[in-house]
Number of protein chains: 2
Amino acid sequence: MPPGLKDVAAQAGVSIKTVSNVVNGYVHVAPETRARVQQAIDALGYKPNMAARQLRSGRSGVIALAVPELQSPYFAELAGRIVHAAERRSWTVLIDQTDGHAERERNLVAGLRRHAIDGLIFSPLALAGEELARGGDETPMVLLGERVWHGPADHVAIDNTAAAADATRHLAESGRRRIAAIGAQDFPSAVTAQQRLAGYRAALEQAGLPADPALVAEVESFHRADGAAAMARLLDGPRPPDAVFCFNDLLALGAVRTLLERGYSVPGDVAVIGFDDIEDGRFSTPTLSTIAPDLGRIAELAVDLLAERLGEGEAATAAPRELRVSHRLVARESTLGS
Amino acid sequence: MPPGLKDVAAQAGVSIKTVSNVVNGYVHVAPETRARVQQAIDALGYKPNMAARQLRSGRSGVIALAVPELQSPYFAELAGRIVHAAERRSWTVLIDQTDGHAERERNLVAGLRRHAIDGLIFSPLALAGEELARGGDETPMVLLGERVWHGPADHVAIDNTAAAADATRHLAESGRRRIAAIGAQDFPSAVTAQQRLAGYRAALEQAGLPADPALVAEVESFHRADGAAAMARLLDGPRPPDAVFCFNDLLALGAVRTLLERGYSVPGDVAVIGFDDIEDGRFSTPTLSTIAPDLGRIAELAVDLLAERLGEGEAATAAPRELRVSHRLVARESTLGS
DNA sequence: ATGAAAGCGCTAACAC
DNA sequence: GTGTTAGCGCTTTCAT
């Protein structure tokens, strides 16, 4: 049996409360008493029991991060940043992998959590709109990625539509005329895909380019294989594109692979731009042009928002906030040439 | 205040124990009573308080996974697999990012954990050997990756040395004579690097190839940038290699980048093989030959070992086990040509 | 500045 | 089958 406050108290010849005071850094403890208690703590190797502490205080010091999958570089990097940001507040992060399954995500939102967490940072994939409304559960939640519906949850995201337009415009400005898009998705929860598609179309129109439906390739998910397959379909079409905007870097990397495999030059024959700025794109051949969201800022803001809700101040009950994070276009070889 | 067992009991007109029985799926409850209780549970939206449950049972249902960094595809994928494996046992996974800092890792091992966890899966980077011995803390730990010292912890790994030899032999067998290695590390805890280096040297000797020290490039860490820089140094050397064995795929991808950037053909001029089989290598150009450890199996075994230690059976106190997981060589374009 | 006692929500023993 | 009771280890009034 591990030692408890009681054991330390006995060893130090003080009351349990005094030990608790020392452990929690309470100020009004005689230096001499403190020393004696500390000595007993060290001698016994006492460690506070977090379950008991939480039972009393209601706080676990754990927040959950729910992402579709850690395997995707974007989410892996996001997770890493959030773990670091949380660390600065002495929180640890529990990872929930939803695999993009609607039911898994619904459970999360419903608060059907099996574990005591102080807050949730959630990057939904299968759920959107009103389905994200929380029933009953008081645990604060911060949503990542796009949302359309103004509900009772804080939210951090970049301007997807504007970013997609930036990417497309970059292609148009380098003289490309048949600009394809890879990553369209039809289902209602695919908000991200729809916003990027909207940005793509807006930029096309602004550039005075026709919107050829044959140049929009749908994908099942946002992985390399999907991008490779979509690119193949585009190439097999009547008139192949001379540029492609892919809705994320993984799709772009897959598309590039198909192009090179078939003997096309990138960007000579076809320029390619992605979205996310994952590390792979900085070392691929050709290096990948992309949209770089300010990931570090996203992570920080998400954790900050949670902290505010968890705090005592008035912010805890404020209306849901919607925070916009900046992004920038990073032009590399896949659109510029080397 | 969220409803507790007591509230449900009152609502259903039964005792608190009966409610507990229903919640925990105890068998001997009259169907009719069960229904009534369940109804009360639903009506009140009762959720068990995990802190209290843990305080009693001593189990939190949370295990921790400590890795150097989630940003590395290998660890991201490992983490994803472990989260899934844990899920099958209804555990959730807490992520600890050590950043490879020795002190962080030392705290972990010392059990200086701030949070109640049932077990720890740990992939050490800065610590090795006796430093990994646990003091006092009873929480079961499973070590991932290589170890040299036979201590009181379970351990899952592939045969690093043999795998490195396989990779090197593959290069030699395709007729390469000046085979370089990228990834050597000098510090004592760099067990992985040392084992892979040993495998490389053994294979060289077996193939009757001289071991030229100028062909062994050291790196600070195992990232793309390190691989790119190391390759550049090799190329700037007196007699550049005609093949490179990189100690992980990230290094290899960086090396390939440098080669292509400088106009070398891969594998025409220089063949490259990596280690880990991360997804990037399957879509890069050229696709990357590599050593593929059975990651899924590693994750499963790690979780299984923890489960056994946590179980009631005799296995809980058995001697530390050392489990070897298989690996295979995956030859792709970077060594074969396309 | 320190101590005594209550109780957080739950499970485990033991009645009935 | 179901109810009663006693803590798990801690924080928190309230005293002193």
Side-chain angles (χ1 to χ4, degrees), chain A residues 1-38 40-41 44-62 111 113-118 137-139 312, chain B residues 1-41 44-62 111 113-118 138-139 312:
Chain A
M1 212 58 169
L5 277 186
K6 166 160 87 299
D7 304 298
V8 179
Q11 169 98 6
V14 296
S15 94
I16 184 179
K17 176 66 200 325
T18 304
V19 180
S20 174
N21 282 340
V22 171
V23 171
N24 294 306
Y26 183 61
V27 202
H28 299 295
V29 183
E32 179 212 327
T33 315
R34 176 184 302 277
R36 198 147 35 89
V37 170
Q38 188 57 54
I41 289 179
L44 266 43
Y46 166 78
K47 307 242 177 52
N49 177 320
M50 298 313 295
R53 179 175 289 181
Q54 183 195 345
L55 185 55
R56 278 307 303 191
S57 68
R59 287 286 162 79
S60 64
V62 176
R113 301 207 40 70
R114 284 187 317 278
H115 301 288
I117 56 164
D118 294 345
D137 200 312
E138 299 295 294
T139 317
E312 305 289 297
Chain B
M1 213 57 170
L5 277 187
K6 159 159 92 302
D7 305 299
V8 178
Q11 168 98 7
V14 296
S15 93
I16 182 179
K17 177 64 203 320
T18 304
V19 180
S20 174
N21 282 340
V22 172
V23 170
N24 294 305
Y26 184 61
V27 203
H28 300 294
V29 183
E32 179 211 328
T33 316
R34 178 185 300 277
R36 198 146 36 89
V37 170
Q38 189 57 54
Q39 197 174 324
I41 289 179
L44 265 42
Y46 166 78
K47 307 243 177 50
N49 178 320
M50 298 313 295
R53 181 175 287 181
Q54 184 196 343
L55 184 55
R56 275 311 308 200
S57 68
R59 288 287 162 79
S60 64
V62 177
R113 303 207 38 73
R114 284 186 318 276
H115 301 286
I117 56 164
D118 294 345
E138 298 295 295
T139 318
E312 305 289 300

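Atoms considered below: every heavy atom in the structure, side chains included; atoms not considered: hydrogens, waters and symmetry mates. Numbered from 1 within each chain, the chains take letters A, B, ... in sequence-line order.
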Nearest non-hydrogen partners of A:Gln54 and A:Arg59, listed with the distance: CG-O, 3.3 Å
Could you give the side-chain donor-acceptor pairs of residues 27-37 of chain A under 3.5 Å, partners two or more places apart or in another chain?
| residue | atom | partner | partner atom | Å |
| --- | --- | --- | --- | --- |
| A:Arg34 | NH2 | A:Tyr26 | O | 2.9 |
| A:Arg36 | NH1 | A:Ala12 | O | 2.6 |

Distances under 3.5 Å only, N/O to N/O: pair up the protein atoms with those of nucleotides 11-14 of chain D.
| residue | atom | partner | partner atom | Å |
| --- | --- | --- | --- | --- |
| D:dT11 | OP1 | A:Arg53 | NE | 2.8 |
| D:dT11 | OP1 | A:Arg53 | NH2 | 3.4 |
| D:dT11 | OP2 | A:Ser20 | OG | 3.1 |
| D:dT11 | O2 | A:Arg56 | NE | 3.4 |

Taking side chain to side chain donor-acceptor pair (under 3.5 Å) as the definition, give me every residue that meets it alongside B:Lys6, ordered by chain and number, with sequence neighbours left out. none
Taken in chain and number order and not counting sequence neighbours, the residues that satisfy side chain to side chain donor-acceptor pair (under 3.5 Å) with A:Asp118 are A:Ser60
Is any side-chain heavy atom of B:Met50 less than 4.5 Å from a side-chain heavy atom of B:Val62? no
If you look at every heavy atom in A:Ser15 and A:Ala9, which pair is closest and at what distance? C-CB, 3.8 Å
Quick one: are A:Arg56 and B:Leu55 in side-chain contact, heavy atoms under 4.5 Å? no
Estimate the overall bend of the helix from C:dA1-D:dT16 to C:dC16-D:dG1 from the end axes over five pairs each, rounded to 10 degrees. 30°
Please round to the nearest 0.5 Å and tell me the distance separating atom CD1 of B:Ile16 and atom CG of B:Asn21. 11.0 Å
With rounding to the nearest 0.5 angstrom, report the CG to CZ distance, B:Asn24 to B:Arg53. 5.0 Å
Going 5' to 3' on DNA chain C, which nucleotide is the first and which the last to come under 4.0 Å of a heavy atom in chain A? C:dA1 to C:dG9
5'-most contact on DNA chain D (nearest-nucleotide basis), B:Val29 vs B:Leu55, goes to B:Val29
Could you state the CD-C1' distance from B:Gln54 to D:dC10, rounded to the nearest angstrom? 13 Å
